[in-house]
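As structure tokens, the structure follows; a few thoughts come after it.
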Amino acid sequence: MDTQIHPDLKSILVSQQELSKIVDDIADKINKDYKNEEIIMIVILRGSMVFSADLLRRLKMPVKLEFMQASSYGSGTSSSGFINIKRDLDADITGKNVLIIEDIIDSGNTLFRLKNVLESRNPKSCHICTLLDKPDRRVTPVDVTYVGKVIPDEFVVGYGLDYNEYYRNLPYIGVLKKEIYE
Ligand code: PRP
């Protein structure tokens, strides 16, 4: 199904076909868990926008879409670590079911801090859904409800994930050749 591999990639890690199956499976679980309860889907820009767009179209309950952009500095849960919210939500999430959508969890710092920020706003529930999880890189434990695929510690791009803002448009996820980023 995949066409020719991009020349900057060493290999394809998740094919278009596998991505479609992963998104189907996550959507099934979310549809079952929330039944007809309304949710607010929070797309964490920019990487998760491709995954979110595919997931959104498979959800059956009433869904509202919100966007957030953040970057995290410092490691672990220590007070030296902090999160810079570059773009915040438009909606009030008090009493709402919130589902945070990420493309990848690496150190866990961003999601740990972002979840704390959102939980402080008193939603009815707050869960995390990530397409990819790289547990080998974890510094801060994060409670993740939906995981698409656990991957090894490789530099991956495509399907929303970037290097220097490029490769987000690839329809599959691939491993970038070392000489491109070193
Ligand atoms: C990526 C990803 C997460 C974060 C995960 O975003 O989308 O937000 O890094 O890393 P962590 O677990 O080590 O905190 P990135 O900052 O690359 O921005 P982007 O989505 O705009 O590419």
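Order of listing sets the numbers, starting from 1, for every ligand and every atom in it.
Contacts with ligand 1 closer than 4.0 Å are made by side-chain heavy atoms of D103 only, the backbone lying farther away. Only the backbone of L45 comes within 4.0 Å of ligand 1, counting heavy atoms alone; no side-chain atom from C-beta on gets that close. With a 4.0 Å heavy-atom cut-off, ligand 1 is reached by no atom of M49. Using a 4.0 Å cut-off between heavy atoms, R137 makes no contact with ligand 1 at all. At a 4.0 Å heavy-atom cut-off, ligand 1 does not touch S72 at all.
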Steps toward salt bridge (charged side-chain N to carboxylate O under 4.0 Å, His left out) verdict (D25, K21):
CA-CA 6 Å; D25 289 348; K21 167 85 170 62; 2.7 Å; yes
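Counting protein heavy atoms only, atom 10 (O) of ligand 1 is closest to D106 CB, 3.6 Å. In this structure, atom 16 (O) of ligand 1 lies nearest to the protein heavy atom A70 O, 4.9 Å. The closest protein non-hydrogen atom to atom 4 (C) of ligand 1 is T110 OG1, 3.8 Å.
Inclusion of Q69 in the set of residues having an N or O under 3.5 Å from an N or O of ligand 1 is not warranted. In terms of N/O distances under 3.5 Å, ligand 1 is not approached by L111. At under 3.5 Å, not a single nitrogen or oxygen of S48, backbone or side chain, sits near a nitrogen or oxygen of ligand 1.
Protein heavy atoms are found inside the 4.0 Å sphere centred on atom 14 (O) of ligand 1. Using a 4.0 Å threshold on non-hydrogen atoms, atom 6 (O) of ligand 1 does not count as touching the protein. Checking atom 18 (O) of ligand 1 against the protein gives no heavy-atom contact under 4.0 Å.
Residues V14 and Q17 fail the side-chain proximity criterion, which asks for heavy atoms closer than 4.5 Å. Side-chain contact between I105 and R138: present, with at least one pair of heavy atoms (C-beta onward) separated by less than 4.5 Å. You'll find the side chain of E38 stays beyond 4.5 Å of the side chain of V63, heavy atoms only. Using a 4.5 Å heavy-atom cutoff, the side chains of K124 and K96 are not in contact.
Each of I22, L56, L161, I26 was checked for a side chain to side chain contact (heavy atoms under 4.5 Å, CB included) with F51, and the lone residue meeting it is I26.
Distance alone, capped at 3.5 Å, places no donor-acceptor pair between the S125 side chain and the N97 backbone. With T130 contributing its side chain and D133 its backbone, the two residues share no donor-acceptor pair below 3.5 Å.
Classification of the F155-Y163 ring pair by plane angle, with boundaries at 30° and 60°, yields perpendicular.
Judged purely by distance below 3.5 Å, without hydrogens or angles, the side chains of S72 and R113 pair a donor atom with an acceptor atom. T94 and N122 share no side-chain donor-acceptor pair at under 3.5 Å. A donor-acceptor contact under 3.5 angstrom links the side chains of Y167 and D8, judged on distance only.
Less than 4.0 angstrom separates some heavy atom of G47 from each of these atoms of ligand 1: 19 (P), 20 (O), 21 (O). Of all atoms in ligand 1, numbered sequentially from 1 with element shown, those under 4.0 Å from a heavy atom of R46 are 19 (P), 20 (O), 21 (O). Set against the non-hydrogen atoms of E102, the atoms of ligand 1 under 4.0 Å away are 2 (C), 3 (C), 7 (O), 8 (O). Atoms of ligand 1 lying under 4.0 Å from any heavy atom of S107, numbered from 1 in the order shown and given with element: 11 (P), 12 (O), 13 (O), 14 (O). Residue-ligand proximity, I104 to ligand 1, at heavy-atom distances under 4.0 Å covers atoms 2 (C), 3 (C), 5 (C).
Residue contact annotation: R168 has a non-hydrogen atom under 4.0 Å from ligand 1.
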